[in-house]
Amino acid sequence: MTPEFSRPHRLDTIGAGESRVGIEADAAERTALARRFGLIAIERLVADYAVRRDAAGIVARGHLSGAVVQPCSVTGDPVPAKIEEDFAIRFLPEGSESGDEVELSEDDCDTVFYTGGAIDLGEAAAETLALALDPFPRSPGAEAVLREAGVLSEDEAGPFAALAALRKKL
C-alpha cells in the first residue's frame with residue numbers, strides 16, 4: 001500500500017556528497033494524513049532534507065515545519081498547533097537489523113527500513129510529524145469541563161495535596 005504522502009527518493013541519485021531535497025504535502029495528502037493521525041486538519045507540512053550516504057546506509061537530516069489542528073483530548077474542540085522539528089533519520093535496507101540491543105545516544109538517528117531502490121522521504125516526514133504531536137492537547141475550556149466533571153487538578157491530587165489538607169486541620 002502506498003502511503004498518503006509518498007516522496008520516493010531513488011538510491012542511485014544519492015552520491016558521495018550531501019544533496020538537498022525539499023518536499024511539501026498538497027491539500028489531498030494533508031487531508032489523508034489528518035484522517036490517518038486523527039487530526040481535524042493539517043494546514044501545512046513541509047520538510048527540508050540534507051541526504052547523504054554513510055557506511056551503514058543513507059542519513060537524512062533536516063527540519064520539518066507544520067501547522068495542524070488537533071481535537072482537544074477533553075472537549076473535542078479544535079486546538080491549533082505549530083510543529084517545528086529537527087530530525088535525523090538513518091535509512092537501512094530491510095533485513096539489515098541485528099538482533100543485538102544497541103545503546104543509543106541523543107545524537108543517534110531514528111532508523112527507518114526500506115525495500116527496493118528508493119527511500120520514502122514523504123512517509124518519513126509524516127512519521128516525524130506524528131511523533132511531534134502533543135498526545136493530549138487541551139483547549140482553553142478543558143480545565144473547566146474537567147472540574148465540572150469532578151476531576152481533580154494535579155495540585156489537588158498530587159502527593160503534597162494530602163499534606164496541605166492536614167496542615168489546614170492543625
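Fair warning: this is a prediction, and the values are worked out from it, not measured in the lab. In what follows, residues are counted from 1 in the order of the sequence shown.
Follow the hydrophobic side-chain contacts under 4.5 Å out from V59 and you never reach L92; the two are in separate clusters. In terms of hydrophobic clustering, with Ile, Leu, Val, Met, Phe, Trp and Tyr side chains grouped at heavy-atom distances under 4.5 Å, L129 and V79 are assigned to different clusters. Tracing side-chain contacts under 4.5 Å through hydrophobic residues (I, L, V, M, F, W, Y), one reaches L11 starting from L121; they form part of the same cluster.
Using a 4.5 Å cut-off on side-chain heavy atoms (C-beta onward), I89 and T128 make contact. For the pair V21 and I23, the minimum side-chain heavy-atom distance is below 4.5 Å. Counting only heavy atoms from C-beta outward, the side chains of F91 and V51 never approach each other to under 4.5 Å. In this structure, L45 and L64 have side chains that are in contact, with non-hydrogen atoms separated by less than 4.5 Å. Annotation: side chain of L39 is not in contact with side chain of V69 (no heavy-atom distance under 4.5 Å). At least one side-chain heavy atom of L133 sits less than 4.5 Å from a side-chain heavy atom of V68.
Going from atom CD of E24 over to atom CZ of F5 covers 8.0 Å, rounded to the nearest 0.5 Å. Here I42 contributes atom CD1 and F37 contributes atom CZ; the two are 6.5 Å apart, rounded to the nearest 0.5 Å. Note that CD of E123 is 7.0 Å distant from CD of E4, once rounded to the nearest 0.5 Å. Rounding to the nearest 0.5 angstrom, the gap separating the CZ atom in R138 from the CZ atom in F136 is 9.0 Å. If you take CZ on R35 and CD1 on I40, they are separated by 14.5 Å, rounding to the nearest 0.5 Å. Between atom NE2 of residue H9 and atom OH of residue Y114 there is a gap of 12.0 Å, rounded to the nearest 0.5 Å.
Looking at D86, its side chain never comes within 3.5 Å of a backbone N or O of H63 through a donor-acceptor pair. Side-chain atoms of T13 come within 3.5 Å of backbone atoms of R10 as a donor-acceptor pair (strictly under, hydrogens ignored). With hydrogens and angles ignored, the 3.5 Å screen pairs no side-chain donor or acceptor of R61 with any backbone N or O of A50. Proximity of a side-chain donor or acceptor of E29 to a complementary backbone N or O of D26 within less than 3.5 Å is detected.
Considering every non-hydrogen atom in both R7 and G122, the closest pair reads CB-N, 3.6 Å. Of all heavy-atom pairs spanning D48 and G22, the tightest one is OD1-CA, 3.6 Å. Of all the heavy atoms in A60 and Y49, the pair that sits closest is CB-CD2, 3.6 Å. Here the shortest heavy-atom pairing between D77 and S139 reads OD2-OG, 3.8 Å. Scanning both residues, P71 and P137, for their nearest heavy atoms gives O-CG, 3.3 Å.
Partners of R53 according to the side chain to side chain donor-acceptor pair (under 3.5 Å) rule, which considers only residues two or more places apart in sequence or in another chain, do not exist here.
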